2 protein chains.
Amino acid sequence: MSEQTQLLTNDTDDALRLDKQVCFALYAASNLLTGLYRPLLAELGLTFPQYLVMLVLWEKSPQSVGSLGQQLYLDSGTLTPLLKRMESAGLVKRQRDASDERRVLVELTEQGDSLRASAHQVANTLASGPLLPMTEAEALRDGARKLIGVLTSEQKAEE
Amino acid sequence: MSEQTQLLTNDTDDALRLDKQVCFALYAASNLLTGLYRPLLAELGLTFPQYLVMLVLWEKSPQSVGSLGQQLYLDSGTLTPLLKRMESAGLVKRQRDASDERRVLVELTEQGDSLRASAHQVANTLASGPLLPMTEAEALRDGARKLIGVLTSEQKAEE
DNA sequence: CTATTTTATATTGCGCGCAATTTAATTTGA
DNA sequence: TCAAATTAAATTGCGCGCAATATAAAATAG
């Protein structure tokens, strides 16, 4: 494939190499893919994680901060400031849940809801020139999902 | 699979469905995997991206900042402060290349080199309870690599 | 040989991502 | 009932990750 796979010394530390292969591949692929979305989402005034929040809210709104965090595997330390920025951008409204004052409900504004059409364009633009053949894209997605499943169930087991 | 695949409205915008998005699966898998490494690497005094730099340097040292960046898909805005932290931790030495004063060569210190043994332990610990069956791990790795290849070659084509 | 352009790294600024802690509301239990 | 435990979100602090810019050295052009 690429040159860096040749940068190997002839020692026996296969464990380090293999380790590098899987974890680095995921890390780099994720960063690069985010970079592909960045200019497209910038036109909508969104960052990539903000886009993920919008995807979740377009499916159901309002939702609590915790609910968003569960679906995206993010905590309030990440979401609270992110949602505040989205609120000042006019995309969402944040308000305490009257029936449980600990919760904060995040709701799409009309502007946030209407952005859905533009986002649809972005998704279609990316899909129109598919990066990977469908079968490979599905294999990658399923592999990543399987890893997510393992990593999140291990967390539960530790409790 | 998981519950969030049920959080779908019955609209026809398949393109926007979170659970079909390769980008979210990669994003979440990468974040979660980094989280798995975090406590293990913390014992070595390393963050995950610092660990990646060490993996590259253990293969060859010294290397320029640009060379590290090419292999890890990171720029000087990320690497310069990261390498400074690694230098103050005593893991690497940074010095201008005498034959080309624009370059900075990053070299493992003795301490940095000796950390390799401990890192080997970390990699073996993770490998001993394999997260995914080997074939699935390889499929995930190969899919990610293929995507990396596409995304980096597209960047070249834009120039 | 000098002016221009290119290359390599550093700096600045902003938005995550998460550990650790804090604040406040709800639940639990003696 | 009311103190202790639990839960939800916010806050603080730090390390990325990258765009934009700055600085300086080397390569190139005329």
Side-chain angles (χ1 to χ4, degrees), chain A residues 24 27-39 41-42 45-53 62-70 72-89 91 94-106 151 155 159, chain B residues 24 27-43 45-53 62-70 72-89 91 94-106 151 155 159:
Chain A
F24 169 68
Y27 165 86
S30 176
N31 286 346
L32 290 169
L33 192 59
T34 299
L36 181 70
Y37 278 79
R38 189 173 294 114
L41 293 177
L46 291 175
T47 64
F48 184 75
Q50 287 170 11
Y51 172 63
L52 295 179
V53 168
Q63 293 195 53
S64 70
V65 172
S67 167
L68 297 176
Q70 270 198 323
L72 299 173
Y73 308 111
L74 296 173
D75 66 8
S76 68
T78 299
L79 285 175
T80 296
L82 183 153
L83 292 169
K84 283 183 177 176
R85 283 186 287 271
M86 291 177 72
E87 185 173 43
S88 23
L91 298 171
R94 295 160 65 246
Q95 55 182 5
R96 289 280 164 185
D97 184 342
S99 72
D100 183 345
E101 292 281 346
R102 292 172 304 181
R103 290 170 177 268
V104 167
L105 293 177
V106 182
L151 291 175
Q155 203 168 15
E159 292 170 356
Chain B
F24 171 68
Y27 165 87
S30 177
N31 285 347
L32 290 169
L33 190 60
T34 299
L36 181 70
Y37 278 79
R38 190 172 294 114
L40 300 172
L41 293 177
E43 294 179 21
L46 291 173
T47 64
F48 184 75
Q50 287 171 11
Y51 173 62
L52 295 178
V53 168
Q63 293 195 55
S64 69
V65 172
S67 168
L68 298 175
Q70 270 198 323
L72 299 173
Y73 307 111
L74 296 173
D75 67 8
S76 69
T78 299
L79 285 174
T80 297
L82 183 153
L83 292 168
K84 283 183 177 176
R85 283 187 286 272
M86 291 177 73
E87 184 173 42
S88 23
L91 298 172
R94 295 161 65 246
Q95 54 183 6
R96 289 281 161 183
D97 184 342
S99 72
D100 183 344
E101 291 282 346
R102 291 172 303 181
R103 290 171 177 268
V104 167
L105 293 176
V106 182
L151 292 175
Q155 203 167 15
E159 294 170 354

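Side chains included, hydrogens not; waters and symmetry mates left out as well; all remaining heavy atoms used. Order of the sequence lines sets the chain letters (A, B, ...), proteins ahead of strands, with each chain counted from 1. Quick caveat, the model's predicted, so the values are computed rather than measured.
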Round to the nearest Å and state the distance from [X] atom [atom1] to [N] atom [atom2].
X	N	atom1	atom2	answer
Leu83(B)	dT11(C)	CG	C1'	15 Å
Leu33(B)	dC18(C)	CG	C1'	16 Å
Leu79(B)	dC18(D)	CG	P	10 Å
Leu68(A)	dC18(C)	CG	P	15 Å
Arg38(A)	dA20(D)	CZ	C1'	13 Å
Leu82(A)	dC14(C)	CG	P	16 Å
Leu41(B)	dC16(D)	CG	P	11 Å
Phe48(A)	dA19(D)	CZ	C1'	18 Å

side-chain hydrogen bond (donor to acceptor under 3.5 Å, both in side chains) involving Ser88(A) - partner list, sequence neighbours excluded: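 Residues passing side-chain hydrogen bond (donor to acceptor under 3.5 Å, both in side chains) with Ser88(A): none at all.
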Looking only at side-chain atoms of [X], point me to the closest of [options].
X	options	value
Leu74(A)	dA25(D), dC18(C), dA19(D)	dC18(C)
Pro49(A)	dG15(D), dA10(D), dC16(C)	dC16(C)
Glu101(A)	dA10(C), dA19(C), dA25(C)	dA25(C)

Student check: side-chain heavy atoms of [X] and [Y] closer than 4.5 Å:
X	Y	result
Ser64(A)	Asp97(A)	no
Phe24(B)	Tyr73(A)	yes
Leu91(B)	Leu46(B)	yes

Nearest nucleotide by nearest heavy atom, which residue falls closer to the 5' end of DNA chain D, Gln50(B) or Arg94(A)?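 It is Arg94(A) whose nearest nucleotide is closer to the 5' end.
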If you assign Asn31(A) and Val65(A) each to the DNA chain D nucleotide with the nearest heavy atom, which residue ends up on the more 5' nucleotide?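 So the residue in question is Val65(A).
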Where do N or O atoms of nucleotides 11-13 of chain D meet protein N or O atoms at under 3.5 Å, pair by pair?
| unit_1 | atom_1 | unit_2 | atom_2 | d |
| --- | --- | --- | --- | --- |
| dT11(D) | OP2 | Lys84(A) | NZ | 2.5 |

dG17(D), OP1 or OP2 - any side-chain N/O from Tyr27(A) closer than 4.0 Å?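 Yes, within the criterion.
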Under 4.0 Å, heavy atoms only, any strand: does Ser64(A) hit a base, just the sugar-phosphate, or nothing?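 Contact class for Ser64(A): sugar-phosphate only.
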Donor-acceptor pair, distance only, cut-off 3.5 Å: does the side chain of Arg96(B) make one with the backbone of Arg102(B)?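 Present.
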Do side-chain atoms of Asp75(A) reach the backbone of Thr78(A) as a donor and acceptor pair under 3.5 angstrom?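 Checked: pair present.
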Using the closest heavy atom to pick a nucleotide of DNA chain C for each, name whichever of Ala98(A) or Asp75(A) lands nearer the 5' end.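 Upstream on the strand: Asp75(A).
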Mind checking what makes salt bridge (charged side-chain N to carboxylate O under 4.0 Å, His left out) contact with Arg94(B), not counting sequence neighbours?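 So Arg94(B) forms a salt bridge (charged side-chain N to carboxylate O under 4.0 Å, His left out) with Glu87(B).
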Side chain to side chain contact (heavy atoms under 4.5 Å, CB included) with Pro81(B): which residues, sequence neighbours excluded?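 Once residues adjacent in sequence are excluded, the partners of Pro81(B) under the side chain to side chain contact (heavy atoms under 4.5 Å, CB included) criterion are Arg85(B).
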Lys84(B) NZ to Leu79(B) CG distance, which is reported to the nearest 0.5 Å: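 Here the interatomic distance stands at 12.5 Å.
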Look for any protein N or O under 3.5 Å of an N or O in nucleotides 5-7 of chain D and output each such pair with its distance, or none.
| unit_1 | atom_1 | unit_2 | atom_2 | d |
| --- | --- | --- | --- | --- |
| dT7(D) | O2 | Arg102(A) | NH1 | 3.3 |

Only counting residues at least two apart or in another chain, list the ones meeting ring-ring contact (aromatic ring centres under 6.0 Å, His included) with Phe48(A).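 Residues passing ring-ring contact (aromatic ring centres under 6.0 Å, His included) with Phe48(A): Tyr37(A), Tyr27(B).
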